[in-house]
Visitor: 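Please find one structure pasted underneath; my questions will follow.
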Amino acid sequence: MTSGERPRITVLPPEVAARIAAGEVIERPASIVKELVENALDAGAGHIEVEIDGGGIDRIRVRDDGHGIPPEQVADAFERHATSKLRSEHDLFAVRTLGFRGEALASIAAAADVDLTSRTSGEEAAAVAHLRDGRLERLGSAAAAPGTTVEARDLFVALPARRRFLRTARAETRAVADTIAVIALAYPEVAFRLLADGRLVLSTPGTGDPRDAIAAVHGADVAAALVPVSATRRDEETGATAEVAGLIGPPSLHRGSRAYLHLVANGRTIGARSIAYAIEQGYAGLIPAGRHPVALVRITVPPDQIDVNVHPTKAEVRFRHERLVYATVADAIRQALAGSATPLAPMPIALPGTLAGWSEADEAPARPMDGRDVIAGARPASMLTASSITSTPSEPAARSTAAGGADGAREQAGLGISARLPMLRAIGQIELTYLIAEAPDGMYLVDQHAAHERVLYEQVLTARRAGIPAAQPLLEAVVTPLSAPQAALAIAEADALAELGWGIDPTDGAAVILRAIPATLAGRDAAAALRDYLDRMDAEERLTGPDRAAASLACRAAVMAGDRLDGEQQRALLRSLEACATPHTCPHGRPTMLHLSREALERSFGRR
Ligand code: ADP
Ligand code: MG
């Protein structure tokens with residue numbers, strides 16, 4: 001702004017301010033569903049039914065049998081900062097309800113057209129309110145059962161910029177299913193139902209037993225395998241207390257993503273990383289690296305020991321005594337797992353410059369060389385047949401037999417990666433995880449899983465480019481039960497999956513009909529392969545679209561750390577790797593190998 005015409009500072013008109021504030025709370029249909037379901041829970045509902053059309057963009061309806069809103073208060077409920085849940089600033093430090101800001105209904109009304117019908121048990125008729133553009137247009141009454149129904153239509157029609165940010169209806173449906181699944185796990189005493197475009201996506205029985213809720217969300221097999229955990233701690237100095245109760249999976253029940261790790265604090269679903277870490281630590285050495293446990297852990301602390309007012313959508317909380325909570329969770333997990341299994345073969349191979357532990361990158365399964373643990377009682381490498389790792393259909397990449405010292409810059413303490421791959425001669429396998437190979441320019445240590453992943457990934461991409469059908473039809477279609485979020489993912493990504501050979505039809509409920517599987521996975525338990533594959537894909541955040549699906553497939557089909565490879569299989573894998581266009585990294589960018597050059601060897605032994 002030049003020439004002195006700097007705009008005056010003015011207070012925004014209330015409609016504009018409302019729109020801006022609404023954007024903080026209401027990002028997408030799942031945020032509306034979350035707020036409405038939380039209101040229903042705060043009203044003491046025992047049954048909550050959510051219906052969405054078009055991913056919730058067209059219509060969301062949440063119906064509960066809670067205590068309702070008295071007719072004279074209905075209009076107030078839509079005022080900004082109007083709440084029945086807080087009286088004074090003091091209450092903010094001991095919130096017992098999910099809502100407390102009094103913003104949700106006002107924000108939803110600013111983002112969509114809203115109809116509310118609500119009846120308390122003391123009233124004969126229900127109060128009805130109709131809002132448009134955030135303004136109350138009509139108040140009336142009608143016959144209805146006690147409880148509250150809120151319907152929101154045409155989300156963000158008045159906010160085209162925000163509407164453009166919405167994803168496809170399928171993706172939004174999936175986000176809604178995820179939202180309800182995690183809330184339902186936190187409230188096993190409440191019966192939830194989710195219908196998307198008239199199709200039943202999820203329904204929990206509301207028996208009060210968390211195991212029943214888990215069965216509805218993640219399937220009966222998962223639920224049946226879980227064991228109870230509990231622990232209580234009290235800090236003598238501060239008087240602070242923490243109580244932990246829940247259900248966790250045995251080490252044999254591990255999954256490819258963190259989507260099965262649920263944390264609830266005082267009835268709120270939370271994402272607290274440090275606490276999730278406490279749980280994963282309990283499993284360290286018991287489940288393979290890159291795999292994640294299944295757990296539903298409920299934490300209870302006195303209301304004044306948790307700050308819920310730290311995040312606009314209330315997605316995060318802060319514990320006043322975080323270390324106490326951490327220690328209590330760790331206790332509970334440790335006790336439950338004590339004696340549950342012998343640790344996996346330890347001895348991580350320490351290498352310079354490797355990262356272990358928790359990091360952003362750690363979100364993706366399979367970490368870099370953090371000492372990838374070896375699975376005790378190694379599985380036979382039956383799936384690694386010579387045919388599954390023959391060389392790629394692509395032209396072998398140019399080979400260099402004289403990579404030698406040309407890439408000293410990339411060497412690190414004698415361990416470096418040469419720019420191109422020479423011919424490799426297999427020497428053997430160590431830790432059932434790495435292949436040792438010799439080449440004219442020194443020694444190579446190859447991560448068998450990462451390498452096979454790279455090989456399969458290039459094969460999948462090549463086959464896709466060539467239009468070769470990669471599907472293996474099943475003799476008989478299999479009805480495959482999935483978790484509700486998995487089913488939503490399968491349907492949302494049906495096209496990318498079909499390109500890779502997955503033949504999937506939707507069904508009513510948390511299952512799909514599996515007609516074909518990718519040829520690479522032929523011979524496996526089809527249903528298990530699909531479940532694992534979807535988890536893998538869910539965790540695959542760095543890649544998008546078809547590449548994401550391809551990388552997931554490569555990862556699922558690849559030999560794992562812990563698979564024994566015989567000499568022929570080792571040679572086949574190395575040959576295929578030599579033929580890869582980008583042999584040094586797996587599809588996720590992690591290294592497939594380390595190179596110890598002849599020069600480095602000689603230097604190390606004082607030979608030069
Ligand atoms: P908050 O939940 O933070 O109080 P909301 O805008 O979500 O704010 O709701 C405003 C008020 O409307 C609530 O405090 C509550 O009194 C009432 N209300 C909203 N939804 C329901 C419901 N489903 N059942 C009963 N009362 C409700
Ligand atoms: Mg609310």
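We use all heavy atoms of the structure for the numbers below, so side chains are in, but hydrogens, waters and symmetry mates are not. Everything numeric in this text was worked out from a predicted model, so none of it was measured. Note that ligands are numbered from 1 as they come in the structure, with each ligand's atoms numbered from 1 the same way.
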Visitor: Salt-bridge test for Glu51 and Arg63: reply yes if a basic N is under 4.0 Å from a carboxylate O, no otherwise.
Guide: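 Between Arg63 and Glu51 there is no salt bridge, as every charged N stays at least 4.0 Å from the carboxylate O atoms.
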Visitor: Polar contacts were defined as any N/O atom of the residue lying under 3.5 Å from an N/O atom of the ligand; does this apply to Ala106 and ligand 1?
Guide: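 No, no N or O pair falls under 3.5 Å.
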Visitor: At their closest point, which heavy atom of Thr148 faces which heavy atom of Ser118, and how far apart are they?
Guide: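 Answer, listing the atom of Thr148 first, then Ser118: OG1-OG, 2.8 Å.
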Visitor: Which heavy atom in Leu482 sits nearest to a heavy atom in Ala487, and how many Å separate them?
Guide: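 Distance-wise, the nearest heavy atoms are CD1-CA, 3.8 Å.
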Visitor: Examine the proximity of ligand 1 to Leu105 and report which part, side chain or backbone, both or neither, has a heavy atom under 4.0 Å away.
Guide: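 Leu105 to ligand 1: contacts from backbone and side chain alike.
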Visitor: Please identify which atoms of ligand 1 are closer than 4.0 Å to at least one heavy atom of Glu103.
Guide: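 Counting atoms of ligand 1 from 1, those under 4.0 Å from Glu103 are 6 (O), 8 (O).
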Visitor: Tell me if the CZ atom of Arg132 is crowded by more than 12 foreign heavy atoms within 6.0 Å.
Guide: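 Incorrect, the count does not exceed 12.
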Visitor: Go through it in stages, so that I can follow the logic: the residues are Phe319 and Ile299, the test is side-chain contact (heavy atoms from CB on, under 4.5 Å), and I'd like the CA-CA distance, side-chain angles, deciding distance and then a yes or no.
Guide: CA-CA 11 Å; Phe319 293 106; Ile299 300 161; 4.3 Å; yes
Visitor: At under 4.0 Å between heavy atoms, is it the side chain or the backbone of Asp64 that contacts ligand 1, or both, or neither?
Guide: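 Contact part for Asp64 vs ligand 1: side chain (C-beta onward).
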Visitor: Is any side-chain heavy atom of Gln486 less than 4.5 Å from a side-chain heavy atom of His218?
Guide: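 In short, these two side chains do not touch, never coming nearer than 4.5 Å.
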Visitor: Might you point out which heavy atoms bring Ala213 and Ala184 nearest each other, and give the distance in Å?
Guide: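 Scanning both residues completely, I find the closest heavy atoms to be CB-O, 3.9 Å.
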Visitor: Consider ligand 1: state whether an atom of it lies below 4.0 angstrom from any non-hydrogen atom of Gly66.
Guide: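 It does not; every heavy atom stays at 4.0 Å or beyond.
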Visitor: Please identify which atoms of ligand 1 are closer than 4.0 Å to at least one heavy atom of Ala43.
Guide: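 Result: 24 (N), 25 (C).
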Visitor: Please could you name the atoms of ligand 1 that Thr83 approaches to less than 4.0 Å, counting only its heavy atoms?
Guide: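 Under 4.0 Å from Thr83, ligand 1 has these atoms: 1 (P), 4 (O), 14 (O).
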Visitor: So which bit of Gln73 gets within less than 4.0 Å of ligand 1, heavy atoms only: side chain, backbone, both or neither?
Guide: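 Within the 4.0 Å criterion, Gln73 makes no contact with ligand 1.
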Visitor: For the Mg ion (ligand 2), decide whether Asn39 has an N, O or S atom at a distance under 2.8 Å.
Guide: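 A backbone or side-chain N, O or S atom of Asn39 is under 2.8 Å from the Mg ion (ligand 2).
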